Amino acid sequence: MTSIPQVRSLVTAIPGPRSQEILKRKSEAVSAALGMAIPIIVERAGGGILVDVDGNSIIDMGSGIAVVSVGNSADRVVANVKAQVEAFTHTCFMVAPYLGYIEVCEALNRLTPGTHKKKSILLNSGAEALENAVKIARSYTKRQAIVVFEHGYHGRTNLTMSMTAKNMPYKDSFGPFAPEVYRMPMAYPYRWNGGAEKCAEEALDLVIHKMEKEIGAKNIAGIVIEPIQGEGGFIVPPKGFLPGLSKFASENGILFIADEVQTGFARTGQMFASEDEGIVPDLIATAKGIAGGLPLAGVTGRAEIMDAIHSGGLGGTYGGSPVACAAALGAIATIEEDNLCARTLEIGAIISEALNAMKAKYSIIGEVRGRGAMQAIEFIIPGSIEPNPGVLPAIVKFAQNEGVLILTAGTYGNVIRLLPPLVMPEHLLREALDVLDRAIASAI
Ligand SMILES: *Cc1c(COP(=O)(O)O)cnc(C)c1O
């Protein structure tokens with residue numbers, strides 16, 4: 001990774017001629033159903049930089065959606081993966097086990113919130129982790145109802161698509177959806193009718209009322225929530241909401257299931273975002289940042305819950321691949337040994353100061369929110385809180401033309417979210433924020 005100069009540099013327009021040529025082949029060969037955030041073809045990547053086939057060096061403010069938190073091809077990840085692919089590539093853990101899988105589970109059990117005895121399983125993707133968390137919760141509680149929230153995102157498989165809130169593009173035309181999934185109002189302070197100050201209390205009362213009256217607490221297997229909502233637009237629930245839900249869950253034999261697929265592994269400045277309010281989830285789903293870019297996911301939970309499932313009830317051919325496990329051990333060592341939680345807080349302070357300065361200047365910015373290296377801007381029509389998705393394409397395009405990759409999000413498509421690698425050099429981060437500032441100025 002150190003071999004890639006950490007400088008933004010454009011030698012062609014975006015996309016350049018080589019990228020354009022290959023993007024034509026993409027249109028011919030790859031389903032049109034896949035989106036694309038930036039029209040380039042990547043050749044190499046490392047630190048805070050993506051290099052395309054035309055030789056452009058672009059600042060990466062997305063980390064492949066919060067995946068390469070330790071940077072692309074991080075040294076320890078590369079070394080571990082090389083050693084593993086030379087030793088063996090696959091046995092299937094349920095056929096012939098290997099140490100790497102066990103060590104990743106040990107790390108998850110140690111790093112996730114709570115000092116109780118924990119156990120884990122490994123899967124391939126975030127959606128698969130959520131699917132398994134639901135299976136475990138239903139089997140353990142002998143109940144069926146799953147509670148999820150407005151603006152939530154949990155994946156694209158049938159069950160997790162059913163749990164996901166937003167119709168377009170995730171669900172439209174893909175039904176029928178899975179039953180026994182109940183969506184609750186989300187504590188979204190910026191858009192709470194009663195005002196941000198009352199949001200935690202009012203939302204909690206409302207959600208508990210609905211769970212009791214509409215579902216019946218004794219029918220609920222699990223409450224699944226992202227401690228900070230990702231695709232929904234980095235919605236941070238107000239203090240007290242998550243602890244209130246967690247308390248209600250434990251008083252009613254319901255499992256509190258944290259979807260930390262996007263928020264986990266130092267992204268918010270703590271190893272897991274649940275720690276911010278001292279939440280100890282019964283089950284926690286992880287993926288994205290876990291393995292430095294290799295596909296891996298996990299479910300970690302109370303040992304008595306994880307062990308209650310019949311033998312052979314969980315698993316999968318590739319889940320916890322030895323190569324992905326080796327990568328995860330490299331990524332986790334990087335986060336711990338390089339103190340990336342502390343670094344994330346520094347990154348977060350720089351981002352937050354810059355975004356709040358933009359908010360003071362531009363009346364199309366309604367709110368700046370998030371934590372650590374997971375922060376967002378919500379755009380509105382000035383003088384209202386009406387969503388303003390219309391300004392996003394020009395802002396994103398301006399940034400791309402200046403060599404900065406930024407991602408969007410939000411139920412209303414009006415949020416720009418920043419998810420830089422946690423190893424982003426400070427000069428690149430400041431440059432990217434400066435480009436974003438100019439991009440917003442140009443869009444007004
Ligand atoms: C990305 C994401 C998922 C789905 O993960 P995949 O690996 O894409 O299946 C689930 N939950 C959250 C919060 C996510 O951000």
Side-chain angles (χ1 to χ4, degrees), residues 33-37 62-69 112 121-137 146-166 169-171 174 178 181 183 186 188 222-237 242 256-268 272-274 276 279 281 283-300 316 318-321 324 327-328 331 370-376 407-411 415 417-419:
L34 297 180
M36 169 171 63
S63 307
I65 319 186
V67 170
V68 283
S69 296
T112 49
I121 55 164
L122 302 180
L123 300 312
N124 298 294
S125 69
E128 210 187 341
L130 270 302
E131 290 260 356
N132 277 275
V134 169
K135 281 165 72 171
I136 293 165
I146 296 297
V147 165
V148 295
F149 290 83
E150 288 173 353
H151 312 288
Y153 181 87
H154 302 289
R156 295 178 184 262
T157 59
N158 185 268
L159 175 59
T160 58
M161 178 173 62
S162 310
M163 293 162 65
T164 290
K166 192 175 176 181
Y170 306 121
K171 305 169 76 158
F174 298 142
V181 173
R183 190 171 318 286
M186 177 61 188
Y188 185 171
I223 297 173
V224 183
I225 190 162
E226 302 155 83
I228 297 178
Q229 291 182 316
E231 311 302 298
F234 289 11
I235 298 164
V236 186
L242 294 175
F256 185 88
I257 304 171
D259 178 349
E260 292 239 22
V261 169
Q262 194 158 152
T263 49
F265 294 99
R267 177 52 55 187
T268 63
F272 293 97
S274 297
D276 189 57
I279 305 284
L283 297 175
I284 174 163
T286 52
K288 293 200 165 98
I290 191 175
L294 274 83
L296 188 72
V299 179
T300 302
Y318 293 114
S321 139
R371 245 183 0 246
M374 180 172 187
Q375 296 194 46
L407 299 175
T408 58
T411 299
V415 172
R417 57 168 156 172
L418 304 181
L419 290 165

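These figures come from a predicted structure and were not determined experimentally. What you see below is based on every heavy atom in this structure, not just the backbone, and it leaves out hydrogens, waters and symmetry mates. Order of appearance sets the numbers: ligands from 1, and atoms from 1 within every ligand.
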Just how far is it from atom CD1 of I290 to atom OG of S69, taken to the nearest 0.5 Å?
11.5 Å
Numbering the atoms of ligand 1 from 1, which are under 4.0 Å from a heavy atom of K288?
1 (C), 2 (C), 3 (C), 14 (C), 15 (O)
For ligand 1, note which part of A287 has a heavy atom under 4.0 Å away: side chain, backbone, both or neither.
neither
Got an N/O contact under 3.5 Å between A127 and ligand 1?
yes
Which ligand 1 atoms are under 4.0 Å away from a heavy-atom of D259?
10 (C), 11 (N), 12 (C), 13 (C)
Relative to the heavy atoms of Q262, which atoms of ligand 1 are at a distance of less than 4.0 Å?
15 (O)
Taking only non-hydrogen atoms of S125 and a 4.0 Å limit, the atoms of ligand 1 in range are 7 (O), 9 (O)
Donor + acceptor pair across side chains of E260, S274 (<3.5 Å):
yes
Are side-chain heavy atoms of V147 and I225 found at a separation under 4.5 Å?
no
Residue that, paired with H154, satisfies side chain to side chain donor-acceptor pair (under 3.5 Å) out of D259, T164, T160
D259
To the nearest 0.5 Å, what is the distance between NZ (K135) and CG (L130)?
13.0 Å
Indicate yes or no: does an N/O atom of G126 lie under 3.5 Å from an N/O atom of ligand 1?
yes
Atom 8 (O) of ligand 1 within contact range, any protein heavy atom under 4.0 Å
no
Nearest option to atom 13 (C) of ligand 1, as decided by whichever heavy atom of E226, R156, E128 sits closest
E226
Check residues 228-235 and write down every donor-acceptor pair under 3.5 Å in which the side-chain atom is one partner and the other belongs to a residue at least two apart or another chain.
unit_1 : atom_1 : unit_2 : atom_2 : d
Q229   : NE2    : E150   : O      : 2.9
E231   : OE1    : R417   : NH2    : 2.9
E231   : OE2    : Q262   : NE2    : 3.0
E231   : OE2    : R417   : NH1    : 3.0

Neighbour count >12 (heavy atoms, 6.0 Å) for atom OH, Y318
no
